[in-house]
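Heavy-atom basis, side chains included; hydrogens, waters and symmetry copies ignored. Computed from a prediction, not measured in an experiment: that's the story for all the values here.
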Amino acid sequence: MLAPRSSAVLTAVWTLILGSCVCPPTPEDVLQIGFRTPEQAFRTFQTATRLDDPDLELRCFSKGFRERNQISQLTWREAREELYRRQPWLRVGIVGADVVEREVREPRARLRIDTAAGDYQVLLVREDFTEGWAGGERVFDEELSHETHLPWDEATGIRAGSNGRSWFYGQAKLPDGVDGDALTEVRFGREWKIDEVAPIPSPAP
């Protein structure tokens with residue numbers, strides 16, 4: 001018969017093993033990958049965590065988050081390995097989190113998420129962009145902002161047409177050397193990205 005102490009240790013080890021297992025995403029989860037809403041962006045991060053896909057995880061973070069924390073593909077891969085090594089429960093907490101509250105004031109949003117370890121605040125920011133493809137090659141990918149390009153409300157618009165119809169239009173500056181006649185796809189998009197994550201302190205007793 002196991003001593004109580006040994007039994008407790010065995011239970012703790014077994015719980016750690018089970019708790020550290022992250023089930024793969026369902027096909028429906030993968031089909032829902034995207035950044036059209038704050039909730040979808042967070043769910044995409046959860047799916048990336050389930051897939052153990054550092055590149056998709058990195059896509060979930062805003063440009064500002066990556067710049068402030070000096071994150072690149074290489075540094076993110078190294079940092080996440082160390083983080084998961086020190087906190088084996090972290091992946092479980094991420095994939096099991098639920099969104100319990102939302103507040104959107106474009107171009108920013110706030111999600112309150114509930115995890116087994118407590119509540120967290122996830123701040124997101126909307127990023128506007130345009131990208132163009134020539135066959136299988138992406139020939140431009142530009143942020144739409146006053147600093148780097150035309151902002152969204154100047155790069156896109158609605159024009160009245162005949163028979164009561166309206167037309168959406170967009171304009172993007174072609175980089176030097178890019179042949180406009182070779183373009184096969186042009187996208188204008190507004191995506192939500194994670195800009196900050198912080199724990200919410202529990203109220204004082």
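Of the candidates D52, T75, T49, R80 forms a side-chain hydrogen bond (donor to acceptor under 3.5 Å, both in side chains) with just one, namely D52.
A distance of 11.5 Å separates CZ of F168 from CZ of R159, quoted to the nearest 0.5 Å. To the nearest 0.5 Å, atoms CZ (R187) and CD (E131) are separated by 4.5 Å. Between the CZ atom in F188 and the CD atom in E142 there is a gap of 11.0 Å [rounded to 0.5 Å]. To the nearest 0.5 angstrom, R108 atom CZ is 11.0 Å from R126 atom CZ. E57 contributes atom CD, which lies 9.0 Å from atom CG of L51 (distance to the nearest 0.5 angstrom). Atoms CZ and CZ, on F35 and R59 in that order, are 4.5 Å from each other to the nearest 0.5 Å.
The backbone N or O of A41 sits nowhere less than 3.5 Å from a side-chain atom of K193 that would complete a donor-acceptor pair. Side chain of R190 to backbone of P107: no donor-acceptor contact under 3.5 angstrom is found. The backbone N or O of S72 sits nowhere less than 3.5 Å from a side-chain atom of R66 that would complete a donor-acceptor pair.
For the residue pair P25 and T47, the shortest heavy atom distance occurs at CB-CG2, 4.0 Å. For the pair C23 and R50, the tightest heavy-atom approach, listed with the atom from each and the gap, is O-NH1, 2.9 Å. G64 approaches E127 most closely through the heavy-atom pair N-OE2, 4.4 Å.
For L31, the side chain to side chain contact (heavy atoms under 4.5 Å, CB included) criterion is met by no residue, not counting sequence neighbours. In this structure, the side chain to side chain contact (heavy atoms under 4.5 Å, CB included) partners of E82, at least two apart in sequence or on a different chain, are R85, R86. The side chain to side chain contact (heavy atoms under 4.5 Å, CB included) test applied to R112 returns V100, E101, R110, D119, I200, not counting sequence neighbours. Partners of T184 under the side chain to side chain contact (heavy atoms under 4.5 Å, CB included) rule, at least two apart in sequence or in another chain, are W133.
Apart from F42 itself, the hydrophobic cluster it occupies contains F45, L58, F61, F65, I71, W76, L83, Y84, L90, I94, V99, V104, L111, I113, Y120, V122, L124, W192, I194, V197, where clustering links Ile, Leu, Val, Met, Phe, Trp and Tyr at side-chain heavy-atom distances under 4.5 Å.
For residues 32-44, the pairs satisfying side chain to side chain donor-acceptor pair (under 3.5 Å) are E39-R102, R43-Q46, with sequence neighbours left out.
Each of F129 and L56 belongs to its own hydrophobic cluster when Ile, Leu, Val, Met, Phe, Trp and Tyr are linked at side-chain heavy-atom distances under 4.5 angstrom.
In this structure, the side chains of T156 and D128 stay at 4.5 Å or more apart for every pair of heavy atoms.
In E185, the CD atom is crowded: over 12 heavy atoms of neighbouring residues, nucleotides or ligands sit closer than 6.0 Å.
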